[in-house]
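One structure is given here, and the rest of the page talks about it.
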Amino acid sequence: MAPPRVRFAPSPTGYFHVGSARSALFNWFVARQSEDGVFILRIEDTDEDRNREEWVDGIISAMDWLGLHADEGPFRQSDNKVAHEVSVTTLLDAGYLYYCDCTGEDVAARKGDNKTPGYDGFCRTRALARAANTALRFTTPHDGVTIVRDLIRGDVEFANSTIDDFVVAKSSGAVLYALANVTDDRNDEITHVIRGEEHLSNAPKQMMLWSALNEVTAHDVALPLYAHLPLLVNEQRKKLSKRKDPVATESYRDQGYLPQAFVNYLALLGWSPRGDEEIVPVEILIEQFRLEDVSHSPAFFDVKKLAHMNGEYIRALSIDAFIDACTPWVNPWASAWRPSDRAPLWAEADFDAELFARVAPLVHERVATLGEVPAMVQFFFADAVTFDEAAFTKAIGNDPLGQSMLKSALVRFENATWASSVLHEVVLEVGESLGLVLRKAQAPIRCAVTGSLVGPPLFESLEILGRERTIERLRAALERLP
RNA sequence: GGUCCCAUCGUCUAGUGGCCUAGGACAUCACCCUCUCAAGGUGGAGGCACGGGUUCGAAUCCCGUUGGGACUGCCA
């Protein structure tokens with residue numbers, strides 16, 4: 001069997017949609033399963049009104065982030081305009097196309113309550129010549145059926161009578177999606193068209209186009225195998241919307257999701273690896289993936305599960321790899337890439353890479369995304385503590401015992417051996433002398449030093465922070481009192 | 001409205017006629033661990049949309065109902 005040639009063909013009209021990312025991934029799986037499989041990236045940028053160059057960059061960089069590297073491309077569909085026009089001319093000469101000057105209103109008015117939707121073929125026999133306001137339509141057959149052999153869904157049958165004479169070229173001359181896409185797929189000798197289910201109803205039209213082109217040109221290309229992936233939906237079970245839903249793949253990178261985790265999660269949407277284990281390395285995903293096993297029903301993109309998996313991937317990182325991965329978030333000044341829209345929580349001069357290396361193990365087990373790290377380690381780097389006022393009030397402001405804890409600890413810390421185990425012991429003892437169990441005793445100290453009641457292990461943190469800064473903060477907290 | 005797709009715990013799924021008293025994962029609840037928060041461990045609750053068939057036997061096959069969705073552009 002010939003090696004698969006697949007393509008991912010996004011249109012650059014917005015952020016890189018997670019659904020698109022999954023389509024790209026499943027295409028990529030198919031290509032990587034064969035020694036000679038080819039994964040093509042084709043940017044479908046023929047709608048000049050809606051495309052923006054920055055979206056193209058977004059797609060390419062996000063795919064790069066995910067490790068979905070194209071074997072061929074990125075190509076621009078707009079570079080293939082000549083080929084598209086050749087298709088138009090060929091089809092026109094062969095009598096498949098006709099000019100139509102109906103406006104949208106005309107079509108709607110004539111449709112009335114006609115059962116058959118869309119265009120009624122009014123201009124088919126009018127033999128219009130090309131004019132400034134004429135679009136080109138494809139003559140679809142009235143009889144028979146077109147069967148889409150879908151690898152995922154089986155045979156899907158469309159009565160040709162339900163398919164209207166669709167427009168293939170605008171009056172401006174611009175060639176539309178259906179034909180442009182088919183022309184490029186033929187020229188790229190695509191073997192598998194793997195895309196979202198929203199394209200299923202395009203498939204019969206494209207098959208008609210493909211077959212017509214086969215008939216009238218010397219370039220006979222076997223029809224591709226189709227596979228229409230189930231949609232990704234939101235909680236309302238609607239197709240994920242660019243406007244309302246968090247669908248930008250780029251934003252997941254910004255939040256500190258690991259590409260491996262993201263890929264793994266995406267693979268679980270509409271498909272599942274063998275066995276009970278869901279955390280599966282990409283090589284195994286590639287090995288086990290089969291289009292035939294893809295589910296038929298829409299899937300909800302569950303950020304909670306993604307976050308959980310990301311946490312697992314983070315914890316599986318060696319501490320050095322974790323430190324490296326954190327760099328864009330904790331030390332954006334030293335990193336080629338930095339998450340957008342994230343102001344650093346401390347000044348560049350305050351960051352200390354060696355200090356972070358000591359702190360990292362403390363937070364490694366505690367975050368689900370890398371984006372959570374800065375807030376968790378802020379107190380190590382920032383000059384002054386940023387207090388959670390509610391926490392301060394609870395543990396210190398309104399608690400005389402908490403204030404006593406601070407005062408006693410201040411004294412004991414002056415001379416204590418500066419090691420976490422000793423500090424632990426000291427706080428335990430001071431607490432006991434005030435009738436406080438350790439969980440109560442540590443709270444005011446944690447709050448004074450970190451500004452919060454939750455955070456990394458306290459005594460290890462104190463050890464790393466050092467005696468001087470710790471004492472300084474204990475004093476500062478006491479001074480905040482009225 | 002028309003065409004098409006879909007239907008297993010709240011969510012993602014396993015299941016391809018007997019292995020199902022329906023398995024796993026996330027979320028959730030309880031307990032354990034514990035300096036906070038996590039992580040981790042143990043356990044619990046939770047599902048085959050409904051109705052008819054076919055069959056000795058159905059989550060699995062067929063039909064219908066209901067429900068959801070996509071498309072219905074001189075967008076892709």
Side-chain angles (χ1 to χ4, degrees), chain A residues 9-13 44-47 49-51 77 100 102-104 107 111 113-118 133-137 148 150 153 156-159 161-164 166-174 176-178 180-181 195-204 228 230-231 233 235-239 265 268-279 295-309 311-312 315 363-368 372 376 391 395 423-424 427-428 431 437-443 445-447 450 452-460:
Chain A
S11 62
T13 56
E44 304 221 323
D45 57 350
T46 50
D47 184 355
D49 293 342
R50 300 202 311 153
N51 297 324
Q77 186 162 60
C100 167
C102 297
T103 64
V107 174
K111 190 185 158 202
D113 47 358
N114 192 335
K115 286 266 203 272
T116 328
N133 65 335
T134 52
L136 229 26
R137 290 185 183 271
V148 180
D150 189 288
R153 285 154 217 283
V156 182
E157 192 172 307
F158 294 84
S161 60
T162 63
I163 299 172
D164 69 344
F166 54 94
V167 174
V168 296
K170 302 208 255 188
S171 46
S172 67
L176 259 15
Y177 167 72
N181 184 269
R195 72 229 301 195
E197 196 200 308
E198 69 266 31
H199 287 293
L200 183 53
S201 50
N202 288 146
H228 290 95
L231 254 21
V233 297
E235 274 170 300
Q236 285 75 242
R237 299 259 113 201
K238 304 263 196 220
K239 184 165 84 162
Y265 179 66
L268 261 28
L269 258 18
W271 179 78
S272 63
R274 284 197 287 271
D276 283 341
E277 189 52 64
E278 290 186 328
I279 305 281
S295 102
H296 299 182
S297 42
F300 170 63
F301 188 89
D302 186 357
V303 181
K304 287 217 181 78
K305 182 155 179 172
L306 203 214
H308 171 86
M309 289 185 65
E312 294 225 33
R315 277 172 253 125
V363 297
H364 187 202
E365 308 274 309
R366 293 181 157 68
V367 294
E372 296 165 35
M376 207 169 270
L423 266 14
H424 184 288
V427 172
L428 187 65
V437 295
L438 189 55
R439 64 176 286 127
K440 290 285 186 190
Q442 56 90 38
I445 295 171
R446 176 185 295 279
C447 183
T450 73
S452 167
L453 253 20
V454 301
L458 181 62
F459 307 113
E460 285 81 349

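The analysis underlying the following values was restricted to heavy atoms, covering all of them including side chains, and did not include hydrogens, waters or symmetry mates. Residue numbering restarts at 1 for every chain, and letters A, B, ... go by the order of the sequence lines.
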Q. Looking only at atom P, what distance separates B/G46 and B/G24, rounded to whole Å?
A. 14 Å
**Q.** Separation of atom CG in A/Asp302 from atom C1' in B/A27, rounded to whole Å
**A.** 7 Å
Q. What is the nucleic acid contact for A/Asn181, judged by heavy atoms within less than 4.0 Å: base, sugar-phosphate only, or nothing?
A. nothing
**Q.** Per A/Ser272 side chain, nearest of listed nucleotides B/U13, B/G24, B/C37
**A.** B/U13
Q. Looking for any heavy atom pair under 4.0 Å, which part of the strands does A/Ser297 touch: base, sugar-phosphate only, or nothing?
A. sugar-phosphate
Q. Reckon A/His296 has a side-chain N or O less than 4.0 Å from the OP1 or OP2 of B/C5?
A. no
Q | Base paired to B/C31 (Watson-Crick or G-U; both N/O distances under 3.5 angstrom) | A | B/G41
Q. Between A/Lys239 and A/Val156, which has a closest nucleotide on RNA chain B that is more 5'?
A. A/Val156
Q | Same-atom distance (P) from B/U16 to B/C62, integer angstrom | A | 15 Å
Q. Just how far, in rounded Å, is C1' of B/C12 from OH of A/Tyr265?
A. 6 Å
**Q.** Nearest to side-chain heavy atoms of A/His308, which nucleotide of B/U36, B/U3, B/A27
**A.** B/A27
Q. Using the P atom in both, what is the distance from B/G53 to B/U11, to the nearest Å?
A. 30 Å
Q: Provide the distance between the two P atoms, one in B/G23 and one in B/U65, to the nearest whole Å.
A: 33 Å
Q. In terms of side-chain heavy atoms of A/Arg153, which of B/C6, B/C37, B/G24 is nearest?
A. B/C6
Q | Out of B/G24, B/G69, B/C74, whichever nucleotide has its closest atom nearest the side chain of A/Glu278 | A | B/G24
Q.
When the P atoms of B/C50 and B/C5 are compared, how many Å lie between them, rounded to an integer?
A. 23 Å
Q: Would you indicate what A/Phe300 reaches in the nucleic acid, counting non-hydrogen atoms under 4.0 angstrom: base, sugar-phosphate, or nothing?
A: sugar-phosphate
Q: Please work out if A/Leu458 contacts a base, only the sugar-phosphate, or nothing of the nucleic acid, heavy-atom cut-off 4.0 Å.
A: base
Q) What nucleotide among B/C12, B/G69, B/A76 has an atom nearest to a side-chain atom of A/Arg50? A) B/A76
Q) Thinking salt bridges, do A/Glu197 and A/Arg153 make one under a 4.0 Å N-O criterion? A) yes
Q: May I ask you to say what A/Cys102 touches in the nucleic acid, namely base, sugar-phosphate or nothing, with a heavy-atom cut-off under 4.0 Å?
A: base
Q. Picking from B/U36, B/C75, B/U8, which would you name as closest to the side chain of A/Asp47?
A. B/C75
Q. What distance, rounded to whole Å, do you find between the two P atoms, one in B/U54 and one in B/G47?
A. 29 Å
Q: Answer with base, sugar-phosphate or nothing: what part of the nucleic acid does A/Thr46 contact at a heavy-atom distance below 4.0 Å?
A: sugar-phosphate
Q: Between B/U13, B/A76, B/C35, spot the one nearest the side chain of A/Leu438, thanks.
A: B/C35
(Q) Just N and O in the side chain of A/Arg446: are any of them under 4.0 Å from OP1 or OP2 of B/U36? (A) no
Q. Side chain of A/Val454: nearest nucleotide among B/U36, B/C12, B/A70?
A. B/U36
Q. What is the distance from atom CG of A/Leu231 to atom NZ of A/Lys239, rounded to the nearest 0.5 Å?
A. 6.0 Å
Q) Just checking A/Ser295: base, sugar-phosphate only, or nothing, at a heavy-atom cut-off of under 4.0 Å? A) sugar-phosphate
Q. Under 4.0 angstrom, heavy atoms only, what part of the nucleic acid is A/Asn202 near: base, sugar-phosphate, or nothing?
A. base
Q. Separation of A/Glu365 atom CD from B/C37 atom P, in whole Å?
A. 17 Å
**Q.** Phosphate OP1/OP2 of B/U3 contacted by A/Ser201 side-chain N/O (<4.0 Å)
**A.** no
Q.
Base, sugar-phosphate or nothing for A/Glu460? Non-hydrogen atoms, less than 4.0 Å.
A. base
Q. With rounding to whole Å, what would you report as the distance between B/C33 and B/A27 at their P atoms?
A. 22 Å
Q: Can you tell me, in whole Å, how much space there is between the P of B/A22 and that of B/A45?
A: 11 Å
Q. Touch check for A/Phe301, heavy atoms < 4.0 angstrom, all strands: base, sugar-phosphate only, or nothing?
A. nothing
(Q) Regarding A/Leu200, tell me which of base, sugar-phosphate or nothing describes its non-hydrogen contacts under 4.0 Å with the strands shown. (A) sugar-phosphate
**Q.** Spacing of NE2 belonging to A/His228 relative to NE2 belonging to A/His296, to within rounding of 0.5 Å
**A.** 13.0 Å
Q. Given that A/Ser11 and A/Ala443 both sit by RNA chain B, which one's nearest nucleotide is further toward the 5' end?
A. A/Ala443
Q: Name the nucleic acid region contacted by A/Glu157, choosing base, sugar-phosphate or nothing; use a 4.0 angstrom heavy-atom cut-off, strictly under.
A: sugar-phosphate
Q: Determine the contact category for A/His199: base if any of its heavy atoms lies under 4.0 Å from a base atom, sugar-phosphate if only primed atoms, P, OP1 or OP2 are that close, otherwise nothing.
A: base
Under 3.5 Å, which N/O atoms of the protein pair with N/O atoms of nucleotides 61-68 of chain B?
none

Q: Return the nearest nucleotide to the side chain of A/Lys304; candidates are B/C35, B/C26, B/A76.
A: B/C26
Q: Classify the nucleic acid contact of A/Gly270 as base, sugar-phosphate or nothing, counting any heavy atom under 4.0 Å across all strands shown.
A: sugar-phosphate
(Q) Side chain of A/Arg366 only, heavy atoms from C-beta on: which candidate in B/G69, B/A25, B/U36 is closest? (A) B/U36
